[in-house]
Structures are given as C-alpha cells and as structure tokens.
Amino acid sequence: MRLRVKLDRAPILSGPLLVEALILFVAAVVAAFPLLLLVSNTFKSANDVKRDPFGLFTSFEFTSLTLAWSEANFSQFFINSVVITGLTVVITVPLATMAGYAFARLEFPGREWIFRLFLIGLMIPFYAMMVPIFHELKAVGLLGTPLGAALPMAAGANGPGATAGMAFGILLMRSIFMNLPEEIGDAARTDGASEIQVFLRVMLPLGIPGVAALSVLAFLQAWNAFLVPLLYASARDGKPLAVAVWGFAAGRTPELGLLAAGSMIMVIPVILVFLVARRSMISGLSSGSFK
Amino acid sequence: MGPVRRSQRRTGLLLIAPALILYSTFVLIPAIANLWFSFTDWTGFVEPSFIGLDNYVRMAEDPRIHQALIRNVLWVIVGTVVPLSIGVVLAVILWQHPGPITSGLRVLYFIPFILPTVVVAVLWNWLYNPLQGWLNHIFSANVNWLGDSNTAFASVLVAAMWGVTGFIILIVGAALTTVDKDLTDAARVDGANGLQRLWHVIVPQISPVLITVATVLLIGGIGVFDIVFLLTSGGPGTATETLGIYTYRRSFLDFDAAYGAALAVFLTILALPLALYLHRRRLT
C-alpha cells in the first residue's frame, strides 16, 4: 500500500499518469498540427510553395502576406469584415442589454408574452428565414451592403448553431441583471432617480461583465459567419474575409501561399481577441448559455 | 397605479421596442413568410400561387431527402458521441493535473473551436489533399478523401469534430470546477481505476452539463451546413448532401424556393423537440 501511494505521487513512473500524458500529447499534436501547417504555408517562399507545398517551415518570408494584403485585395476584405462585424456588435449589444434589463427588472404589460416571442427565435433554424430575408433586403436596397449582413445577424438570424444574436443576448443579459440584488435599484429610486437613470447609472455599470461577454461572442460569431454574408454580402468589393477566403479556395488554381496568408489575416484578430478577452469569452459561453 | 409602476411601464416598453422591431423584421416575419411560401409553387421570381400541401407530399417521395436524413442522423450520432467522449476524457485529465502545462494545453485545445469554419475547411482540405497531403503521407495511403464518395462524408465529419471538441473541453472543464475532488480520491483508495472513477464518480456529478452540451451538438448536427458546403458542397454528386445543403441548393440554385421553404419547415420541426428541451434546461 505504501509503495502504491508513492508510485501515484511519482510523476513519470506511474502507469496511469504515463497514459494520461500520452493522451494529452496526442491531442495536442492533433490540435496543433493543422495550425502549424497554416503558419508554415503563410511564411513560405513562392518557390517552396511550388516545390513542396505542404512541407513544414522550409522557408520564412513575408511575401505571401504582403501580396495577399496589397495585390489580392485582402486589405479591402479585411475592412469589409471589420465593418460588418462592427455593425453587428454595435447593434446587438445595446439592444439586447436594454431588452434584457427590461425583462429582468421592469414591470410592463405583456412582459412574459413578449419574452416568449423572443425565445421562439432560438428554435427556428436560419434556413426557415433565409429566402424571405433575401427578398426583404433586396426590396429596401440593403442586399450586398455591410448592413445587409449585419442586420439579420444582429436580429439573431445567424445561421446554424447561433450562439449570439438578439434572443441569445437577451437571455444572457436578463440572467445577468436578475442576479444583481434588487435593493440597489430601489435605493436609487428612493433618492428620486428615474427608471432610465436607475438603468444607465446604477444597474448598467454592474452588468458590464455581461456586456463584455456578449460583445466578444457577437464579434466571434459575426467575424466567422459564412452563410449569412455569402447570401447577403457577397458583392465583389463588399464581401468579408470569410467569403473571400472561400472564393479563393474554390478557385480553379488556388495559389496556396496567398490562400494561407488570407486565412492568416482572418485568424489573427480572432486569436488576439481571444487572448485579450479570454475570460469574457469563456464566461459567456459557459455561464450564459449553460446554467 | 403608482408613479413607479407607470414609469416602469413606459421605460420597459421603450427599452424592448428597438430589439422587438429588429427581431420581428429579420426573424419572425421572414419565418412566417417562409411558412406561407411552403404552401405555394413559388420559384423565387414570379408571383406564388397557393398549392396546399403539394410540396410536403413531394417531400415524402423524394429519395434525396431520405438519403440526406440518414446522413444527418449519422452526423448527429457520431458527431455528438465522439467529441463528447474525447472532450470529457481530456477535460478530466486536465482537471486532475492543474499547472502551467495543462493550462497551456487548455488554450491550445480551445483554439480550433474559435477558428473560422472557412479556415478549418482550408486546413483540412490541405490535409486531405490526395497528391501531397499529410494524411496520405502519414498513412502511406493513396486515398482521395474528399473526392471519393466512400470516404467524403466521414472526412468532412472528422474535420467538423476537430473544430468542436475544444468547446466541449471548455464547458466540461468549467463544470468540473464544482466536482468534489475528495470523492475521486476516495474511489482511488478503494481501488477504482481511472475509467471506473470517470464513469461512476465524475460523470454523474457533471451529467446536467453533459446533457446540455449534447443537446447543443444534436441541434447543430441537424442544421449542419458550413463545413460540409466548404469542403465538398455536398458532393461528390450528392454523397455528402445533408438536409441543410439540400435546402440551400433547392432555395437558391434550383429555382425551387417553395420546395426549399418546405424543407426548411421540415428542418425546424425536426429540431424543435430538442430546442424546446434545451430551453427548459436553460431557463430553470
């Protein structure tokens, strides 16, 4: 018995520990390998791309990145992605925060009924609205514009597997505000604050962690979205990175280095936001949707 | 009615109005319009006329729907069970050994999940390349992974599972922080091996979260589109055509918008019990 305890504590000698380390290692290789391939192909010289397209780290230069950025128009697609994503976040977050607060803390007629109406949105897949939205946008002249992709995404028509959008955001913000103590608002009301002042000056600052989580999730979803911009914002100069990278990959002779560089341009902001806002992202994904 | 209540009433309606208008315009009204179109002969261009349940009758006899449905069922089962099992095992191992290496691995495992699906598709397209791709190289094989109808569907599914497992590790990892470590230590002293401890001690404690994650994956599997479209567009032929891909093709490529609308209604109904179940879990 004594020996067993000792073995359990000794890291490398213990059998189960070795198996566990091996599992972690294999998983790490599987997770990392495609990413290494992306980095490798992005920084490869044009010659090496032709000679040995998938060899790892055979050369290191910035030619593909600069070519993709300036010649292959990826700077424009990057800006398009920024505009579409920015609009989506700027529309989703304030509207969902306002409505989430109202559903959590205010009494008004039809509250339960309207809240249920929003919940329906989480149950309808994007397929069941994609064609009518297309014609709506066309009718008002928004088809092919950044707003044409941003408005449906902000409303919650996010394509399969939505984790952001209006209904999700309202649900998240409602639970944030419901968990704040009731007395804080009442104290401000006794001091003569109006309902709007209670919301903006007292409750909203306390709900900032929720606002941050929702913003990060809305960014991630809009930046990565594919089908929505494919349908509503795939004009030649107006398409975001997702549609551009796809178009590039589906071309007859995709230039591998440029494709890698374009993908890299799309990935870098996601990784940066993840590194900066990791806590917000994780809390939004784990607590908001999975109580 | 007191002044507080009257003011709450006004403020409440004011605060929900913008969200409600946007939501009605781009979710509710389009969904209702879609339901109406499913009862018409609309091609996408000329005025639709009402044809009752004809589209639904056609659907019942459409072999492509049956095949797509089988693929979706396969996708849902394999694409839920496999990532969930791998994710739980990895999350539990990470949880048992807190430290700098495991927290670094946590970050690494999560990255595929936040990658754009477009980029996931680019990367796996390279790995699956029949001439110089790494998969054929590693297995000394000569398989046209995405181009052969025998391997295409499984290949797409593998790429999708690579992208989703990090999400499960994250959610399960968060749930594990509430698990009582003393219990697993006690089971270890009692002689339970790693798998027994996992199954009998840990899994029961996190089962609510596991059920929620599984439901999310199931709903995602019924509606799957992006990764399939990006890797194979449903091909070769219709070998990887799921219900989502078929709906898209009918709606936008085949000038058969009304039939696409009916397919979308079918997809909605298919996912509805799961979606309702997920809501009950989220709200209580």
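Below, read A as the first sequence line, B as the second, and so on, with proteins coming before strands; counting in each chain starts at 1. Below, all heavy atoms of this structure are taken into account, side chains as well, without hydrogens, waters or symmetry copies.
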Q: Evaluate the side-chain contact (heavy atoms from CB on, under 4.5 Å) criterion for residues A/Met123 and B/Leu278: first the C-alpha distance (whole Å), next the side-chain angles of each, then the deciding distance (0.1 Å), finally the verdict.
A: CA-CA 9 Å; A/Met123 303 189 203; B/Leu278 184 63; over 6 Å; no
Q) So which part of B/Ala31 gets closer than 4.5 Å to some heavy atom of chain A, the side chain, the backbone, both or neither? A) both
Q) Can you check whether B/Trp126 reaches A/Leu256 side chain to side chain, under 4.5 Å on heavy atoms? A) yes
Q) Does the pair B/Ile29 and A/Glu136 meet the rule for a side-chain contact (heavy atoms from CB on, under 4.5 Å), with working shown? A) CA-CA 10 Å; B/Ile29 293 170; A/Glu136 272 184 354; 3.9 Å; yes
**Q.** Contacting region of B/Ile114 [heavy-atom separation from chain A under 4.5 Å]
**A.** both
Q. Top residue by heavy-atom pair count (under 4.5 Å) with chain B, among A/Leu151, A/Leu220, A/Ile124, A/Ile23?
A. A/Leu151
(Q) For B/Ile101, I'd like to know if atom CD1 has over 12 heavy atoms of other residues, nucleotides or ligands within 6.0 Å. (A) no
Q: Work out which heavy atom in A/Met98 is nearest to a heavy atom in B/Leu14; give both atom names and the distance.
A: CE-O, 4.4 Å
Q. Using non-hydrogen atoms only, which part of B/Trp36 is less than 4.5 Å away from chain A: side chain, backbone, both, or neither?
A. neither
Q) Picking from B/Leu243, B/Val265, B/Ile219, B/Leu276, which has the most non-hydrogen pairs under 4.5 angstrom with chain A? A) B/Leu276
Q.
Measuring only between side-chain heavy atoms, which start at C-beta, is A/Tyr127 closer than 4.5 Å to B/Leu263?
A. no
Q. Can you tell me how far the CD1 atom of B/Ile16 sits from the OH atom of A/Tyr101, to the nearest 0.5 Å?
A. 14.5 Å
Q) Based on non-hydrogen pairs under 4.5 Å, which of A/Pro94, A/Ala32, A/Pro132, A/Ala102 is most in contact with chain B? A) A/Pro132
Q: Calculate, to the nearest 0.5 Å, the distance between atoms CG and CD1 belonging to A/Leu35 and B/Ile111 respectively.
A: 6.5 Å
Q: Tell me, out of B/Pro30, B/Ala264, B/Gly133, who's got the most heavy-atom pairs with chain A below 4.5 Å.
A: B/Pro30
Q) Side chain, backbone, both or neither: which part of B/Leu115 has a non-hydrogen atom closer than 4.5 Å to chain A? A) both
Q: Would you mind telling me which of B/Ser251, B/Ala257, B/Gly244 has the largest number of heavy-atom pairs within less than 4.5 Å of chain A?
A: B/Gly244
Q.
Report which part of B/Asn125 has an atom under 4.5 Å of a heavy atom belonging to chain A: side chain, backbone, both, or neither.
A. neither
Q. Does B/Ser7 offer a backbone N or O that forms a donor-acceptor pair with the side chain of A/Glu195 under 3.5 Å?
A. no
Q.
Between B/Ser233 and chain A, with a heavy-atom cut-off of 4.5 Å, which part of the residue counts as in contact: side chain, backbone, both or neither?
A. neither
Q: Check whether B/Leu105 gets within reach of chain A through its side chain, its backbone, both or neither, counting any heavy atom under 4.5 Å.
A: side chain
Q. What class does the angle between the rings of B/Phe252 and A/Phe134 fall in, given that below 30° is parallel, 30 to 60° is tilted and above 60° is perpendicular?
A. perpendicular
Q: Select one option (side chain, backbone, both, neither) describing which atoms of B/Ile222 are under 4.5 Å from chain A's heavy atoms.
A: neither
Q: For residues B/Phe110 and A/Met281, report the shortest heavy-atom separation together with the two atoms involved.
A: CE2-SD, 3.8 Å
Q: Of all the heavy-atom pairs spanning B/Val119 and A/Met266, show the shortest one and how long it is.
A: CG2-SD, 4.4 Å
Q: Go through the atoms of A/Val30 and report whether side chain, backbone, both or neither lie under 4.5 Å from a heavy atom of chain B.
A: both
Q) Roughly how far, to the nearest 0.5 Å, is the CZ atom of A/Phe33 from the CG atom of B/Leu123? A) 10.5 Å
Q) What residue, out of B/Leu90, B/Leu131, B/Leu217, has the most heavy-atom pairs lying under 4.5 Å from chain A? A) B/Leu90
Q.
Could you tell me if the side chain of A/Phe103 sits less than 4.5 Å from the side chain of B/Leu15, heavy atoms only?
A. no
Q.
Quick check for you: among B/Phe229, B/Trp162, B/Phe266, which has the greatest number of heavy-atom pairs under 4.5 Å with chain A?
A. B/Trp162
Q: Decide yes or no for A/Phe226 and B/Thr117: does some side-chain heavy atom of the first lie under 4.5 Å from some side-chain heavy atom of the second?
A: no
(Q) For the interface with chain A, which of B/Ala174, B/Ala33, B/Pro18 has the highest count of heavy-atom pairs at distances below 4.5 Å? (A) B/Pro18
**Q.** Which portion of B/Ile93 sits near chain A, non-hydrogen atoms under 4.5 angstrom
**A.** side chain
Q: Give a yes or no on whether the backbone of B/Pro116 and the side-chain of A/Trp223 come within a donor-acceptor separation of less than 3.5 Å.
A: no
Q) Do B/His97 and A/Glu20 pass the side-chain contact (heavy atoms from CB on, under 4.5 Å) test, and can you show the C-alpha distance, the side-chain angles, and the key distance before you say yes or no? A) CA-CA 10 Å; B/His97 306 283; A/Glu20 286 176 346; 2.6 Å; yes
Q) Between B/Leu22 and A/Ile91, which heavy-atom pair has the shortest distance, and what is it? A) CD2-CG2, 3.8 Å
Q) Which heavy atom in B/Leu267 sits nearest to a heavy atom in A/Pro125, and how many Å separate them? A) C-CG, 4.4 Å
(Q) Among A/Ala21, A/Gly110, A/Ala260, A/Ser194, which residue has the highest count of heavy-atom pairs closer than 4.5 Å to chain B? (A) A/Ala260
Q) How many angstroms lie between atom CZ of B/Arg9 and atom CZ of A/Arg111, to the nearest 0.5 angstrom? A) 13.5 Å
(Q) Is B/Pro112 close to chain A through its backbone or its side chain, or both, or neither, when contacts mean heavy atoms under 4.5 Å? (A) side chain
Q: Check whether any side-chain heavy atom of A/Leu38 lies under 4.5 Å from a side-chain heavy atom of B/Val122, and answer yes or no.
A: no
Q | 4.5 Å side-chain heavy-atom contact, A/Phe274 and B/Val107 | A | yes
Q.
Side chains of A/Phe248 and B/Val118, heavy atoms from C-beta outward: is any pair under 4.5 Å?
A. no
Q) Does any non-hydrogen side-chain atom of A/Met129 lie less than 4.5 Å from one of B/Val27? A) yes
**Q.** Per-residue contact mode, B/Leu28 against chain A (heavy atom under 4.5 angstrom)
**A.** side chain
Q.
Could you report the tightest heavy-atom contact between B/Tyr23 and A/Ala155, atom names first, then the distance?
A. CD1-O, 3.7 Å
(Q) Counting heavy-atom pairs under 4.5 Å with chain B, which one of A/Val245, A/Leu230, A/Leu231, A/Leu275 comes out on top? (A) A/Leu231
Q: Sort B/Phe37 into side chain, backbone, both or neither according to what part of it lies under 4.5 angstrom from a heavy atom of chain A.
A: side chain
Q: For each of A/Ser263, A/Ala96, A/Pro34, tally heavy-atom pairs with chain B at distances under 4.5 Å, and name the one with the top tally.
A: A/Pro34
